[in-house]
Amino acid sequence: DAGVIQSPRHEVTEMGQEVTLRCKPISGHNSLFWYRQTMMRGLELLIYFNNNVPIDDSGMPEDRFSAKMPNASFSTLKIQPSEPRDSAVYFCASTGTAGNTIYFGEGSWLTVV
Amino acid sequence: DAKTTQPPSMDCAEGRAANLPCNHSTISGNEYVYWYRQIHSQGPQYIIHGLKNNETNEMASLIITEDRKSSTLILPHATLRDTAVYYCIAKNSGGSNYKLTFGKGTLLTVNP
């Protein structure tokens with residue numbers, strides 16, 4: 001079982017650039033989550049999808065952030081334009097219909113300079 | 001979801017049992033207690049969950065008090081690789097509420 005796969009694992013970008021983070025959920029899972037983790041705020045839920053449809057995006061910080069899930073096996077989180085305060089670890093996670101166990105990827109470590 | 005309270009940090013000697021407490025005094029009848037952990041530089045990892053009965057799996061045991069206001073996660077023989085932040089979360093299981101809300105957790109340090 002490949003688990004939740006995220007890319008890139010590490011990204012360093014300049015302020016103002018567009019950043020795209022990618023996620024492949026576990027095959028067969030129908031819910032997908034994007035979390036952000038910082039020292040100051042801990043783990044925060046940004047958005048979650050059920051059956052490819054965004055259900056709750058109340059955690060998305062502002063209009064610079066957008067997330068899409070064009071199909072059951074792929075999701076993106078985009079930041080445009082990026083700012084230094086966006087520096088964080090971004091985790092993607094997925095779960096199946098029962099929703100008892102949420103599986104996390106290894107994270108994408110983003111640094112905006 | 002009910003609020004949970006955990007100590008910020010704990011120490012444990014390698015090979016000994018690690019007992020991590022969690023208070024959830026406002027938990028409702030249909031909320032489960034979930035435990036996740038996060039090893040440094042990795043994503044959170046599911047450990048165990050339960051409603052009111054004690055639960056055991058290959059990773060840990062979960063003891064829930066009869067009134068369900070608190071619980072204890074037990075790692076029976078802690079190893080250095082168990083050093084991590086442990087999160088206790090109260091939430092409904094399945095249905096339309098899949099959200100996990102993480103608090104600050106307990107940093108468990110297993111010492112040689």
Under 4.5 Å from a heavy atom of chain B, the part of A/Leu43 involved:
both

Report the residues that fulfil salt bridge (Lys or Arg N to Asp or Glu O under 4.0 Å) with A/Glu83, sequence neighbours left out, ordered by chain and then residue number.
A/Arg64, A/Arg85

May I ask you to check whether A/Tyr35 and B/Phe102 place their ring centers less than 6.0 Å from one another?
yes

Applying a strict under-4.5 Å side-chain criterion to I, L, V, M, F, W and Y, I'd like to know whether B/Ile27 and B/Tyr32 cluster together.
no

Find out if a path of hydrophobic residues (ILVMFWY) with successive side-chain heavy-atom gaps under 4.5 Å connects A/Met69 to A/Tyr90.
yes

Note: B/Gln38 and A/Phe91 closest approach over all heavy atoms is NE2-CZ, 3.5 Å

If you count heavy atoms of other groups shown closer than 6.0 angstrom to CZ of A/Arg9, is the number above 12?
yes

First locate atom CD1 of A/Ile102, then atom OH of B/Tyr36, and finally report the distance between them rounded to the nearest 0.5 Å.
4.5 Å

Pick one of side chain, backbone, both or neither for B/Gln45, based on which atoms fall under 4.5 Å of a heavy atom in chain A.
neither

Which pair of heavy atoms, one from A/Phe104 and one from B/Leu100, lies closest together, and at what distance?
CE1-CD1, 4.4 Å

With a cut-off of 6.0 Å (strictly less than), are more than 12 heavy atoms of other residues, nucleotides or ligands near CG of B/Asp67?
yes

Do other residues, nucleotides or ligands put more than 12 heavy atoms under 6.0 Å from A/Glu62 CD?
yes

Closest approach of B/Tyr87 to A/Gln37 (non-hydrogen atoms, all atoms of both residues)
OH-NE2, 3.8 Å

